[in-house]
Each structure stands twice: as structure tokens, then as C-alpha cells.
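Here is the structure we will look at.
Positions are given from 1, in the same order as the sequence printed here.
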Amino acid sequence: MDYKVVITSDAEIDLDEHIQYLLFEKKNLQAASNVLDDFEATKNSLSKVAGSLRLCSNPKLNKLGYRRINFLSHRYFMLYRIKGDLAIVDKIFHELQDYENKMM
């Protein structure tokens with residue numbers, strides 16, 4: 001089953017903040033471009049595998065129905081939930097962020 005991937009405004013803001021950091025703090029246009037390409041590839045992959053990925057192990061996130069998909073080539077990931085044929089991406093984090101506490 002293919003899912004329609006919906007990126008919420010919160011997730012868009014997260015992605016924008018990560019890209020802004022790469023562009024203006026790290027001054028690395030190539031890295032920012034690569035992360036954007038990886039985001040698109042991961043979003044494409046999510047549309048095909050959303051239902052097959054397991055729920056988060058954190059009990060609160062699990063109860064809310066959250067699942068995680070890692071970016072294919074970078075240290076970022078998306079937290080999403082499934083509603084019917086939609087895969088709704090609510091947040092995008094770097095793997096070093098304390099995402100569990102930020103989601104509570």
C-alpha cells in the first residue's frame with residue numbers, strides 16, 4: 001500500500017531550521033543541498049514503507065502512534081504517524097537531539 005506523505009508545518013519549520021544551520025552557521029551550501037535531496041528521497045521511501053516500520057519504543061510516543069524513519073544518508077529522522085492512507089510527519093530531528101523530551 002502506498003501512503004500519501006503529509007509534512008506538517010512543524011516538520012517544515014524543523015527542516016528549515018536544520019537547513020538554515022547548515023547554510024549560515026556551517027556555511028556549507030553543498031551539505032544543505034545534500035540534506036534536502038536526502039529529505040526528498042526519504043519522503044519518497046516513506047510513502048512505500050510507512051506501515052511496515054515499527055512503533056517507537058518510548059511508551060508515550062508509542063501510545064500516540066509515532067513511528068520513526070531515518071534519513072537514508074544523513075543523521076536526521078522523521079517522526080510520523082499513520083492515519084488511514086496518510087503518513088503524517090510531525091517532526092524532523094537530528095539524531096543527537098533529545099527528541100523524546102521535546103515531544104512530551
For this session: Please round to the nearest 0.5 Å and tell me the distance separating atom CZ of Phe71 and atom CG of Asn34.
Result: 12.5 Å
Exercise. Side chains of Phe39 and Ile19: does their closest heavy-atom pair fall under 4.5 Å?
Worked result: no
Exercise. From Lys48 NZ over to Tyr3 OH, what is the distance, rounded to the nearest 0.5 angstrom?
Worked result: 12.5 Å
For this session: Answer whether the closest heavy-atom distance between the side chains of Thr42 and Tyr76 falls below 4.5 Å.
Result: no
Exercise. Are Leu36 and Ile69 co-members of a hydrophobic cluster defined by side-chain heavy atoms under 4.5 Å apart?
Worked result: yes
Problem set entry | Spacing of Lys27 atom NZ and Leu22 atom CG [to the nearest 0.5 Å] | 12.0 Å
Seminar exercise, completed: Rounded to the nearest 0.5 angstrom, the CG-NE2 distance for Asp37 and His74 is 8.5 Å
Problem set entry | Which atom of Val89 lies closest to which atom of Tyr80, heavy atoms considered | CA-CB, 3.9 Å
Exercise. Do Asn28 and Leu23 come within less than 4.5 Å of each other through their side chains, counting heavy atoms only?
Worked result: no
Exercise. Under a 4.5 Å cut-off applied to non-hydrogen side-chain atoms, are His94 and Tyr21 in contact?
Worked result: no
Exercise. At what distance, to the nearest 0.5 angstrom, does CD1 of Ile7 lie from CE of Met78?
Worked result: 5.5 Å
Exercise. Taking all atoms of both residues into account, what is the closest heavy-atom pair of Asn62 and Cys56, and its distance?
Worked result: ND2-O, 3.0 Å
Exercise. Under 3.5 Å, is there a donor-acceptor pair between the side chain of Asn58 and the main chain of Glu100?
Worked result: no
For this session: Verify the cluster assignment for Leu29 and Val35: are they in a single hydrophobic cluster under the rule of side-chain heavy atoms below 4.5 Å apart?
Result: yes
For this session: Taking Asp10 for its side chain and Lys91 for its backbone only, find out whether a donor-acceptor pair lies under 3.5 Å.
Result: no
Problem set entry | Transitive ILVMFWY side-chain link Leu46 to Leu55, under 4.5 Å | no
Problem set entry | Nearest-0.5 Å distance that lies between atom CG in Leu86 and atom OG in Ser47 | 12.0 Å
Exercise. With a 4.5 Å limit on heavy-atom distance, are the side chains of Ile92 and His18 in contact?
Worked result: yes
Exercise. Taking it one step at a time, do Ile82 and Arg67 satisfy side-chain contact (heavy atoms from CB on, under 4.5 Å)?
Worked result: CA-CA 8 Å; Ile82 294 175; Arg67 301 166 190 249; 3.6 Å; yes
Exercise. Can you find a side-chain donor-acceptor pair between Asn44 and Glu40 that sits under 3.5 Å?
Worked result: no
For this session: Would you indicate whether the side-chain heavy atoms of Leu64 and Arg81 approach each other to under 4.5 Å?
Result: no
Exercise. Does a donor on one side chain sit under 3.5 Å from an acceptor on the other, for Asp90 and Tyr66?
Worked result: yes
